[in-house]
Amino acid sequence: MTVEAAAVVLSRDFYARPTLDVARDLIGQVLVHATARTRTAGVIVEVEAYIGESDPACHAAPGPTTRNQPLYGEPGRAYVYLNYGMHYLMNAVTEPAGSPAAVLIRALEPVEGIELMRRRRSRLRRAGVPPLPDRALCRGPGNLARALGISLCQNRRDLTVGSLVIEEGTAPLGPLAWGPRIGIRVGSDRPWRCYVAGHPAVSRRA
DNA sequence: CGTTCGATGCACT
DNA sequence: GTGCATCGAACGT
């Protein structure tokens, strides 16, 4: 007889803290999206912090707008938006309500529902093109959203309860590294990207 | 290896 | 009308 330990879901208090602390502590936790068919899940290995109206790269930089409203709201909720017209990017809202900030999830090491991930990621590929290796399924924020089936429907969802949650991880990962955030045109001086050094699922570039 | 560039939708000015 | 918190195909070396 086998007994599985019940997964512990991260509490709201976890998110209601300084964003850089939340970013660091999210590494190694497990992002889970359960649909009617299957659970897809992966260990977080790369994140970026976006902190306040004074951060020019944060969506709160222009002040409150329709789109960035979730950033000002309750911590522990999802902030999902469409980028470049084709990719959904998922954040976890941080800091107490009224303090607009979030952590962008940039890469996962897939652990569950890998075949479903591969199906969701499969583009129109010619015959003979090899399938994506596991480490590439959730490498990059747009890719992981697609692999987990995350879209605008998940915007504002409570990450502490329900079908989209972040659970406590168990296995320790390698040493962490900090560096400038990727792909932004402003605010790249702040070293607010945190990732597992040398992990194969971490997105490249610089 | 490396770099460039087009796809694509919508929030914001 | 402008500009993205991207991705991957298509080049060049």
Side-chain angles (χ1 to χ4, degrees), chain A residues 15 19-20 22-24 26-27 31 42 44-73 77-95 99-108 110 117-157 159 166 177-195 198 200-206:
Chain A
Y15 299 97
T19 304
L20 292 179
V22 177
R24 183 230 304 131
L26 275 175
I27 301 290
L31 177 61
I44 299 172
V45 297
E46 180 186 1
V47 298
E48 282 175 1
Y50 290 85
I51 312 175
E53 295 177 348
S54 61
D55 173 5
C58 182
H59 281 186
T65 66
T66 307
R67 179 177 67 165
N68 68 25
Q69 214 167 350
L71 293 176
Y72 290 83
R77 286 184 178 265
Y79 170 51
V80 182
Y81 72 96
L82 178 66
N83 194 37
Y84 290 102
M86 57 185 73
H87 300 292
Y88 296 106
L89 273 58
M90 185 198 148
N91 300 253
V93 174
T94 61
E95 313 256 355
S99 184
V103 173
L104 170 71
I105 314 297
R106 284 196 58 91
L108 311 175
M117 289 182 185
R118 220 184 305 278
R119 236 173 298 139
R120 286 169 170 159
R121 283 294 316 278
S122 70
R123 332 157 221 146
L124 300 169
R125 309 174 125 233
R126 293 189 300 252
V129 177
L132 288 171
D134 289 4
R135 65 177 179 276
L137 290 173
C138 300
R139 185 165 54 198
N143 288 336
L144 79 86
R146 179 174 274 284
L148 266 62
I150 293 170
S151 70
L152 234 43
C153 302
Q154 279 71 41
N155 192 25
R156 300 166 177 269
R157 286 276 281 275
L159 297 174
I166 302 180
W178 292 85
R181 293 170 293 181
I182 287 178
I184 55 177
R185 330 263 301 201
V186 288
S188 53
D189 51 313
R190 294 160 166 83
W192 289 351
R193 172 178 180 239
C194 183
Y195 55 98
V202 168
S203 62
R204 307 291 168 189
R205 285 176 66 184

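In what follows, every heavy atom counts, from backbone to side chain, and hydrogens, waters and symmetry copies are set aside. Each chain gets a letter, A, B and so on, in the order the sequences are listed, and its residues count up from 1.
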- [ ] Whole angstrom is fine here: how far is it from NE2 in H87(A) over to C1' in dT6(C)?
- [x] 4 Å
Task: Test item: V93(A) and P100(A) side chains (from C-beta on) under 4.5 Å apart, heavy atoms - done: no
Open item on the list: Between dG8(C) and dC10(B), how many Å separate the two C1' atoms, rounded to a whole number?
Closed with: 22 Å
TODO: Would you please say whether a donor-acceptor pair under 3.5 Å links the side chains of Y79(A) and Q154(A)?
DONE: no
Open item on the list: Can you measure L152(A) atom CG to dA11(B) atom C1' for me and round it to whole angstrom units?
Closed with: 12 Å
Task: salt_bridge(D55(A), R181(A)) N-O dist < 4.0 Å - done: yes
Task: Euclidean distance, atom CE of residue M86(A) to atom C1' of dG3(C) [Å, nearest integer] - done: 14 Å
Task: Check: dA11(B) base within 3.5 Å donor-acceptor of N68(A) side chain - done: no
TODO: Give, for atom CD1 of I166(A) and atom CG of L159(A), the distance between the pair rounded to the nearest 0.5 Å.
DONE: 5.0 Å
Task: Interatomic distance, Y195(A) OH vs dA5(C) C1' [rounded to whole Å] - done: 17 Å
TODO: Round to a whole Å and report the spacing from CG of L89(A) to C1' of dC10(B).
DONE: 14 Å
Task: N/O (side chain, R190(A)) to phosphate O (OP1/OP2, dA5(C)) under 4.0 Å - done: no
TODO: Check whether the side chains of S203(A) and R106(A) place a donor and an acceptor atom closer than 3.5 Å, and report yes or no.
DONE: yes
Open item on the list: By the definition side-chain contact (heavy atoms from CB on, under 4.5 Å), identify the one residue from L89(A), I105(A), L137(A) that meets it with L144(A).
Closed with: I105(A)
Task: Residue-phosphate contact under 4.0 Å: H59(A) side-chain N/O, dA5(C) OP1/OP2 - done: yes
Task: Whole-Å distance separating the CD atom of Q69(A) from the C1' atom of dC12(B) - done: 15 Å
TODO: With heavy atoms under 4.0 Å as the rule, sort N143(A) into base, sugar-phosphate or nothing.
DONE: sugar-phosphate
Task: side-chain N/O R106(A) vs dT6(C) OP1/OP2, d < 4.0 Å - done: yes
Task: Which residues share a side-chain contact (heavy atoms from CB on, under 4.5 Å) with A61(A), sequence neighbours left out - done: none
TODO: Establish, with yes or no, whether the OP1 or OP2 oxygen of dG3(C) is under 4.0 angstrom from a side-chain nitrogen or oxygen of R185(A).
DONE: no
Open item on the list: Within a 6.0 Å radius of atom CZ on R190(A), are there more than 12 heavy atoms belonging to other residues, nucleotides or ligands?
Closed with: yes
TODO: Grab the CG-P distance between L137(A) and dG8(C) for me, whole Å please.
DONE: 11 Å
Task: Interface with DNA chain C, restricted to residues 77-85 of chain A and to heavy atoms under 4.0 Å - done: Y81(A), N83(A), Y84(A)
Open item on the list: Whole angstroms only, please: what is the CG-P distance between L71(A) and dA11(B)?
Closed with: 15 Å
TODO: Write down the atom of A57(A), the atom of I184(A), and the distance for their closest heavy-atom approach.
DONE: CB-CD1, 3.9 Å
Task: Residue pair Y81(A), H59(A): steps toward the ring-ring contact (aromatic ring centres under 6.0 Å, His included) verdict - done: CA-CA 10 Å; Y81(A) 72 96; H59(A) 281 186; 4.4 Å; yes
TODO: Pull out every stem in DNA chain B, meaning runs of 3 or more consecutive Watson-Crick or G-U wobble pairs with both distances under 3.5 Å.
DONE: B:1-7 with C:6-12, B:9-12 with C:1-4
